[in-house]
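Structure first, commentary second.
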Amino acid sequence: MIEEAAGTRMYECKKLAAQKTIEKKEAKLKEIQTILEEEITQTIHKLKEERSSYLEYQKIMREIEHLSRLYVAHQFVCAEETKVRCAEELNEMQESILKLQETIG
């Protein structure tokens with residue numbers, strides 16, 4: 001009765017309601033933190049690992065493409081050298097044939 005007469009009973013009720021609200025909010029915050037730690041953090045870690053793997057994959061694919069181009073260029077140069085060498089051998093053989101034909105004929 002004294003609290004009601006002094007007008008503090010109303011404030012006590014509001015205080016208790018506020019404390020209950022704070023407790024509910026803290027419980028919800030703990031739940032959110034648990035979800036964050038257990039699910040989202042693990043997913044982020046997994047995604048970071050996958051991103052790292054993908055970047056490594058892209059790097060390797062660029063290197064393979066570069067090396068493939070170098071290989072094709074090397075094959076081309078070798079083919080050109082073989083062509084020149086064969087053309088020289090053909091000329092030498094044709095000259096030999098002409099000399100042999102002159103000596104026979």
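Bear in mind that the values here come from a model prediction, so they are computed numbers and not experimental data. These numbers come from the heavy atoms of this one structure, side chains and all, not from hydrogens, waters or symmetry mates.
At least one side-chain heavy atom of Gln19 sits less than 4.5 Å from a side-chain heavy atom of Leu16. Using a 4.5 Å cut-off on side-chain heavy atoms (C-beta onward), His74 and Leu70 make no contact. At a threshold of 4.5 Å between non-hydrogen side-chain atoms, the residues Leu29 and Lys25 do not count as touching.
Between Glu102 and Lys99 there is no salt bridge, since none of the side-chain N atoms of the basic residue sits less than 4.0 Å from a carboxylate O of the acidic one. Under a 4.0 Å N-O distance rule, the pair Lys59/Glu63 does not qualify as a salt bridge.
Here the CD-CD distance, from Glu26 to Gln33, works out to 10.5 Å after rounding to the nearest 0.5 Å. Atom NE2 in His45 sits 11.0 Å away from atom CD in Glu50 (nearest 0.5 Å). Rounded to the nearest 0.5 Å, atoms CG (Leu36) and CD (Glu31) are 12.5 Å apart. For the atom pair Ser53 OG and Gln58 CD, the distance stands at 11.5 Å (nearest 0.5 Å). Between Ser96 atom OG and Asn91 atom CG the span is 10.5 Å, to the nearest 0.5 Å. Note that CZ of Arg85 and OG1 of Thr82 are 4.5 Å apart. Values are rounded to the nearest 0.5 Å.
With sequence neighbours left out, the side-chain hydrogen bond (donor to acceptor under 3.5 Å, both in side chains) criterion links His66 to no other residue.
Not a single donor-acceptor pair under 3.5 Å links the side chain of Thr41 to the backbone N or O of Glu38. Distance alone, capped at 3.5 Å, is enough to place a donor-acceptor pair between the Thr21 side chain and the Ala17 backbone.
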- So Lys83 and Glu80, salt bridge (charged side-chain N to carboxylate O under 4.0 Å, His left out) or not? Walk me through it. CA-CA 5 Å; Lys83 180 185 86 167; Glu80 285 293 316; 3.5 Å; yes
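Tracing side-chain contacts under 4.5 Å through hydrophobic residues (I, L, V, M, F, W, Y), one reaches Tyr54 starting from Ile64; they form part of the same cluster. There is no path of hydrophobic side-chain contacts, each under 4.5 Å, that joins Ile32 to Ile40.
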